[in-house]
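Note sheet for the following structure.
Order of the sequence lines fixes the chain letters, A, B, ..., with proteins taken first and strands second; residue numbering starts at 1 for each chain.
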Amino acid sequence: MQQDPQAGTPLPDHADPVILTEEELNEILTIRRDKLADLKARGRDPFWQVLYPVDNTTSNIHARFDELEGKPVSIAGRIMSRRIMGKASFFDLHDRDGKVQVYARIDALGEEVYEEFKKMDLGDLVGLQGEVFRTHKGEISVKANEITLLAKSLRPLPEKWHGLKDVDLRYRQRYLDLIVNPEVRRTFILRSRILRELRGFLDERGFLEVETPILGTIAGGANARPFITHHNTLDMDMFLRIAPELYLKRLIVGGLERVYEIGRNFRNEGISIKHNPEFTAFELYEAYRDYNYMMDFVETLISTLAKKVLGTTTITYQGTPIELAAPWRRATTLQLVQEATGIDFDLIETHEAARKAAQSIGVHIKPDATWGLVLNEVYEARVEHTLIQPTFVIDFPVEISPLTKKKVTDARLTERFEVIIGGREYGCAYSELNDPIDQKERFLDQARRREAGDEEANMMDEDFVTALEYGMPPTGGLGIGIDRLVMLFADAYSIRDVLLFPTMKSMK
RNA sequence: GAGCCAUUAGCUCAGCUGGUAGAGCACAUGACUUUUAAUCAUGGUGUCCGGAGUUCGACUCUCCGAUGGCUCACCA
C-alpha cells in the first residue's frame with residue numbers, strides 16, 4: 001500500500017481548541033480521533049488505502065472449510081468483537097454475508113503489526129491474510145499473518161449483545177442497524193432474492209420488463225391522493241405516480257402483449273405499519289387473458305416464489321400458520337358477505353335497502369353510498385380481516401373498479417379479484433376494461449366524484465381513452481404490493497422493517 | 001388528525017414519596033500466546049429530549065414544544 005511521503009507533517013485537527021466541537025469532547029470520540037491522528041503522524045493514514053486483494057468471504061470459509069483448511073485466504077471486513085489475551089488475540093470479522101473468527105498472534109504478525117492491531121477499535125475495517133484452521137474448541141478460524149487497517153471507525157458501535165433497539169435510530173441510521181442486527185441484513189437479502197426470483201419467473205414466461213413515467217401530469221390508475229411537485233422551466237405542477245397501470249395498458253395497445261413493471265408508487269396518505277408513502281408495486285399485463293387466468297397465475301407465482309426463496313410453501317406469519325400451496329379458495333364478495341353477515345346483497349335491489357342492511361349490522365356507511373359501495377364497505381368491515389389462508393375474493397362492485405370489465409351476467413359487478421392472506425390484501429387483478437366508450441363514461445363518473453370533493457377519485461385521462469379507441473386486446477392485469485409480500489415472507493410486523501429507508505419526519 | 005405511552009452515558013437499561021444520577025456493554029491503563037457475551041484489577045463517562053412554570057430545591061410535579069412507538073382515523 002502506497003503511503004504519501006508528506007505523511008509525517010499533518011497535525012490532528014482537533015488539537016486546535018478553537019475548532020474543538022462539543023461532540024469531540026466525548027472521551028471515546030476523542031480517543032479514536034487521537035488514534036487516527038497518531039496513524040497519520042506516522043504516515044499510516046488508513047484513509048489512503050484504496051484497495052485490498054480480497055479473494056474470499058467469511059461464509060465461503062465456513063461452507064468450504066474442508067477444502068480450505070490449511071490454505072491461505074485474503075478477506076476483509078469489520079472488527080465486531082475482540083478477545084485480547086496479551087500476545088495472542090481473537091476477533092470476529094464481519095463481511096457482507098457472515099463472520100469468521102480471526103486468530104492474531106504476535107509471533108505470526110510481528111511486534112509492530114501486533115501492537116498496531118491492539119490499538120484498533122471495534123468497528124474498524126481491516127483486510128487480512130492468513131490460513132484457515134480450526135481452534136481447539138472447534139471454531140473455524142483464520143490465523144492471520146498480515147492485518148491492514150483499511151478504514152478507521154471514529155464512533156463507537158451500538159452494544160454488541162443487545163444490538164441497536166431504538167426504533168427511531170434503527171430507521172434513521174439504517175447503516176448501524178445493518179452492522180449490528182444480523183436479522184435486518186437477512187431481511188434485505190431475502191427481499192433481493194424475492195425480486196430476483198420474481199423477475200426470473202416472468203422472464204421464463206416471456207414478459208418484458210418496462211419502465212414508465214413516475215413524473216406526470218395525470219395521476220391515474222388508482223384511487224389515491226398524489227404528491228404534487230413542480231417543474232421549474234415548464235412552470236407547471238406535476239404529480240408523482242400513484243400507479244403505472246394506464247401506461248402499461250398503453251403498451252398492451254402498442255402490441256407488447258406481455259409487460260410488467262416493478263417500481264415505486266407514491267401516495268400522499270397516512271403512514272402505518274402497513275403503509276409507507278412510497279412503496280414498491282408490481283404490475284403485470286398479459287393480452288388475451290382474463291381474471292380467471294390471473295388467479296391460476298398468482299397461485300403459481302406466490303407458491304413458486306415461496307418454494308424458491310424459503311424452500312417451503314408452509315409459512316408462519318406473526319404466529320399464524322399459512323399454507324401458500326395452490327389451490328387457494330375462491331369466493332365472491334357476495335358469498336363471503338353472506339357467510340359473515342347473513343345478508344344476501346344479491347337480493348337487495350335498491351341503494352337505500354343496501355344502506356339499511358349495512359346499518360342493521362352496525363357497519364358505518366356514507367348517507368349517499370350506492371349498493372356497490374355499501375357491499376364493499378361491508379366486505380371490508382366484516383370479511384377481509386377474517387380471511388387468513390390465501391383467498392381470491394372475486395367480483396367487486398363497479399363503483400370502485402373504474403378500469404375493470406363489468407361482468408356480462410351482472411352489470412353491478414366487475415371481473416376483479418383481490419388476494420387476501422392473513423387478513424390483508426396483497427394484490428388485485430382484473431379483466432381489463434378495453435371498451436373505450438365505457439371507459440370514458442367511467443372516467444366521467446369519477447370526475448363527478450372528484451368535483452363532489454372525493455380527492456381520491458380517478459383523474460380523466462383522455463389519451464388513455466384514445467389509446468383504447470385504437471383497440472386493446474382483452475387483457476388480464478395484476479398488481480401485487482412487493483413490500484407486503486416481503487413482509488409475509490420475512491415475517492415482518494411493520495412495512496418499515498422491509499424498507500431500507502422508510503419515510504420519517506425530519507428532525508428539527 | 002385524535003388518544004395513550006416513551007425519551008437518562010456511545011449502546012441496552014435502572015433511578016422510590018422532589019434532595020443535581022447508577023449498572024452492564026463499550027472505552028482507558030495494567031496482567032494474560034486457543035478465546036468466543038474471554039477473564040482479572042483499576043478508572044472516568046452525563047445539555048437526565050428542548051423550553052417555561054411550581055418549589056428553598058425538579059430526572060422526578062405542571063404546561064408548551066420536538067421526536068418516536070402503539071391504537072384509532074385516513075388509506076380499496
From B:U67, B:G44, B:U34, pick the nucleotide closest to the side chain of A:D168? B:U67

Which value, in whole Å, describes the distance between the P atoms of nucleotides B:A58 and B:C70? 35 Å

Which is more 5' along RNA chain B, the nucleotide nearest A:S494 or the one nearest A:K137? Just name the residue. A:K137

Would you indicate which nucleotide in B:G43, B:U34, B:A76 comes nearest to any side-chain atom of A:Y103? B:U34

Give a yes or no on whether a donor-acceptor pair under 3.5 Å exists between the nucleobase atoms of B:U36, that is its base, and the side chain of A:E139. yes

Distance, rounded to the nearest Å, where A:D107 contributes CG and B:U33 contributes P: 11 Å

Spacing of A:H385 atom NE2 relative to B:A76 atom C1', expressed in whole Å: 16 Å

I'd like the P distance from B:A26 over to B:U12, given in whole Å. 15 Å

What's the CD1-P distance between A:I79 and B:U36, to the nearest Å? 19 Å

Could you tell me which nucleotide pairs with B:A41 by Watson-Crick or G-U wobble geometry, both distances under 3.5 Å, or answer none if nothing does? B:U29

Using 30° and 60° as the class limits, which term best fits the ring planes of A:F117 and A:F91: parallel, tilted or perpendicular? tilted

Is it true that, when you exclude A:K407 itself, more than 12 heavy atoms of the residues, nucleotides or ligands shown sit nearer than 6.0 Å to its NZ? yes

Short side-chain N/O contact to B:U12 OP1/OP2 from A:K165, under 4.0 Å: no

Gap between atoms NZ and C1', on A:K118 and B:U29 respectively (whole Å): 12 Å

Quick check: are there more than 12 heavy atoms from other residues, nucleotides or ligands sitting under 6.0 Å from CZ of A:R225? no

Separation between the P atoms of B:C16 and B:A52, rounded to whole Å: 24 Å

Does a salt bridge link A:E299 with A:R330, judged by any charged N lying under 4.0 Å from a carboxylate O? yes

Of the candidate nucleotides B:C70, B:C11, B:G10, which contains the atom at the shortest distance from the side chain of A:I28? B:G10

For B:C48, the Watson-Crick or wobble counterpart (both distances under 3.5 Å): none

Check: A:Y430 ring centre within less than 6.0 Å of A:F396 ring centre: no

Proximity to the side chain of A:T135 - top-ranked nucleotide from B:A28, B:U33, B:U35: B:U35

Let's test this: given Watson-Crick or G-U wobble pairing with both distances under 3.5 Å, identify the partner of B:C11. B:G24

Tightest non-hydrogen contact, residues A:D483 and A:V498, listed as O-CG2, 3.5 Å

Expressed as a whole number of Å, how far does the P atom of B:U35 sit from that of B:C49? 43 Å

Rounded distance (nearest 0.5 Å) linking atom CZ of A:R329 with atom CZ of A:F392: 13.0 Å

Does A:Q101 get its side chain close enough to the base of B:U35, under 3.5 Å, for a donor-acceptor pair? yes

Is there ring stacking between A:H162 and B:U12, where the centres must be under 5.5 angstrom apart and the planes under 30 degrees? no

Nearest-nucleotide check on RNA chain B, A:Y493 vs A:G138; residue mapping nearer the 5' end is A:G138

My understanding is that a pair needs two contacts under 3.5 Å, Watson-Crick or G-U wobble. By that rule, which nucleotide pairs with B:G68? B:C5

B:A28 phosphate, OP1 or OP2: any side-chain N/O from A:K35 under 4.0 angstrom? yes

Closer than 4.0 Å, any side-chain N/O of A:R172 to the OP1 or OP2 of B:G68? yes

Short question: side chain of A:K35, backbone of A:K119 - any donor-acceptor pair under 3.5 Å? yes

Proximity to the side chain of A:E456 - top-ranked nucleotide from B:C32, B:C74, B:C27: B:C74

Distance between the C1' atoms of B:C59 and B:U47, in whole angstroms? 13 Å

A:L176 CG to B:A26 P: how many Å, rounded? 17 Å

Is there a Watson-Crick or G-U wobble partner for B:G19 with both distances under 3.5 Å, and which nucleotide is it? B:C56

Provide the distance between the two P atoms, one in B:C48 and one in B:A21, to the nearest whole Å. 11 Å

Checking all strands, does A:E384 fall into the base, sugar-phosphate, or nothing category for heavy-atom contacts under 4.0 angstrom? nothing

Of the candidates B:U33, B:U34, B:G10, the side chain of A:I106 sits closest to B:U33

C1' atoms of B:U20 and B:G15, separation to the nearest Å: 13 Å

Tell me, yes or no, whether the heavy-atom count around A:R64 atom CZ, taken from other residues, nucleotides or ligands under 6.0 Å, exceeds 12. no

Considering only heavy side-chain atoms of A:L164, the closest of B:G10, B:G68, B:C11 is B:C11

Under 4.0 angstrom between A:R267 side-chain N/O and B:A76 OP1 or OP2: yes

A:R83 side chain N/O closer than 4.0 Å to the phosphate oxygens (OP1, OP2) of B:A38? yes

Closest approach to the side chain of A:D166, judged atom by atom: which nucleotide of B:U33, B:U12, B:G10 is it? B:U12

Calculate the interatomic distance between A:R424 atom CZ and B:A76 atom C1'; express it in whole Å. 15 Å

Measuring to OP1 and OP2 of B:C27, would you say a side-chain N or O of A:R82 lies under 4.0 angstrom away? yes

Indicate, with a heavy-atom threshold strictly under 4.0 Å, whether A:L122 touches base, sugar-phosphate, or nothing. sugar-phosphate

For the pair A:R442 and A:D435, evaluate salt bridge (Lys or Arg N to Asp or Glu O under 4.0 Å) and give the outcome as yes or no after the intermediate values. CA-CA 11 Å; A:R442 306 264 199 111; A:D435 174 347; over 6 Å; no

Go through B:U33, B:G68, B:C27 for me and flag the one nearest to the A:M504 side chain. B:G68

Looking at A:K160, does any N or O in its side chain come under 4.0 Å of the phosphate oxygens OP1/OP2 on B:A38? yes

Write down the distance separating the C1' atoms in B:U55 and B:G19, rounded off to the nearest Å. 12 Å

Rounded to the Å, how far apart are A:H275 NE2 and B:C72 P? 12 Å

Rounded to the nearest angstrom, tell me the gap between atom CG in A:L373 and atom P in B:C75. 12 Å

Per the atom types in the model, does the base of B:A76 pair as donor or acceptor with the side chain of A:R416 at under 3.5 Å? yes

Which part of the nucleic acid, if any, lies within reach of A:E159 when heavy atoms closer than 4.0 Å are counted: base, sugar-phosphate only, or nothing? base

From the options B:U12, B:C11, B:A76, select the nucleotide whose nearest atom is closest to the side chain of A:P158. B:C11

Which part of the nucleic acid does A:I31 contact within heavy-atom distance under 4.0 Å: base, sugar-phosphate only, or nothing? sugar-phosphate

Assign B:U20 to syn or anti; the rule is syn for a glycosidic angle within 90° of 0 and anti otherwise. syn

